[in-house]
Amino acid sequence: MEQLRKAIEDQGVGIGLDVVKVDMFLNHRIDTGLLFAMGEAWAEEFRSEKPDLVLTVEASGIAMAVAAAHALGDIPVVFAKKSAAVTNSGDVVEAPVYSFTHKTQNHIRVDRKYLPEGSRVLIIDDFLADGQAVHGLMSLCEQRKAKVVGVGIAIEKGFQPGGEELRKAGVHLKSLAIVDAIEDGKIRLREED
Ligand code: 5GP
């Protein structure tokens, strides 16, 4: 997606060999024009899959999931929580997720009633690296017998295995931009097909 590629090129920062920082427009400060254009791009890709809801994980995924869900005709967004709160019903499904950025193991959880059996689910997240977050979300769907009809990612890091593994498994995956490498702080993007 050209608009996202340009934002990454102009405002993204490469940290070390494997971290992409996009706090300027996606992860801390949000460029809302870009955000809603991303929502449209995912909607175009996944409309034919007829999702009933969009599933993501707090916190960075939420804005993107809302943009996609709005573009898909105002379907609901459900976000998995990373900690248990007193307001949770306790009737939840859970999955372990190792966080690439925080280097910690979390459990993500969703109240069963917000992920109905048989629902068609579009997963949206900001980054795809090793695939831990997406696999955790897929596990929640599996436990609820919900069908994952697609996975929409803003930025896939093509030098980590998550994306290739999902494609090989036949998952309908759409990454709006793919980073091939970080070289001296510069982010090298894959050419679009
Ligand atoms: P995965 O679970 O696929 O290994 O990593 C994806 C998750 O880790 C995303 O939800 C994202 O929050 C975080 N993440 C992974 N790599 C990066 C990165 O390079 N930059 C940022 N900002 N977040 C990342």
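Order of listing sets the numbers, starting from 1, for every ligand and every atom in it.
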Practice task
Indicate whether any N or O donor in one side chain lies under 3.5 Å from an N or O acceptor in the other, for Lys157 and Gln160.
Solution key: yes
Exercise for the section: Compare Ile153, Asp126, Asn27 and give the one whose heavy atom is closest to atom 11 (C) of ligand 1. Expected result: Asp126
Handout entry: Note: Asp111-Lys113 ion pair, threshold 4.0 Å (strictly below)
Key = yes
Handout entry: Val20-ligand 1 polar pair, N/O distance under 3.5 Å
Key = yes
Practice task
For ligand 1, note which part of Asp130 has a heavy atom under 4.0 Å away: side chain, backbone, both or neither.
Solution key: both
Problem - atom 21 (C) of ligand 1: nearest protein contact (heavy atom, Å) - result: Phe127 CE1, 3.3 Å
Handout entry: Expected output: side-chain Lys145 to main-chain Glu142 donor-acceptor under 3.5 Å
Key = no
Problem - Contact atoms of ligand 1, heavy-atom distance to Val19 under 4.0 Å - result: 19 (O)
Exercise for the section: Before signing off on this row, confirm whether Tyr98 and ligand 1 have an N or O atom pair separated by under 3.5 Å. Expected result: no
Handout entry: From Lys82 atom NZ to Glu58 atom CD, the distance as rounded to the nearest 0.5 Å
Key = 6.5 Å
Problem - Under 3.5 Å: donor-acceptor pair, side chain of Asp31, backbone of Leu34 - result: yes
Exercise for the section: Give the atoms of ligand 1, by number and element, whose distance to some non-hydrogen atom of Asp125 is under 4.0 Å. Expected result: 9 (C), 10 (O)
Exercise for the section: Report the part of Val134 (side chain from C-beta onward, or backbone N, CA, C, O) that has a heavy atom under 4.0 Å from ligand 1; answer both or neither where that applies. Expected result: neither
Handout entry: Gln160 contact mode with ligand 1 (heavy-atom cut-off under 4.0 Å)
Key = neither
Handout entry: Ligand-side contact atoms (ligand 1) for residue partner Gly131, heavy atom cut-off under 4.0 Å
Key = 1 (P), 2 (O), 3 (O), 4 (O)
Practice task
Measure up the His172 and Phe46 rings against each other and bin them: parallel (under 30°), tilted (30 to 60°), perpendicular (over 60°).
Solution key: tilted
Exercise for the section: Around atom 2 (O) of ligand 1, find the nearest protein heavy atom and jot down its residue, atom name and distance. Expected result: Ala133 N, 2.8 Å
Problem - Polar contact flag for Thr101 and ligand 1 (N/O pairs, less than 3.5 Å) - result: no
Practice task
Closest by any non-hydrogen atom to atom 5 (O) of ligand 1: pick that one out of Ser60, Ser99, Ala129.
Solution key: Ala129
Handout entry: Pro116 side chain reached by Leu53 side chain, heavy atoms, under 4.5 Å
Key = yes
Exercise for the section: May I ask you to decide if Leu115's main-chain N or O and Arg144's side chain share a donor-acceptor pair within less than 3.5 Å? Expected result: yes
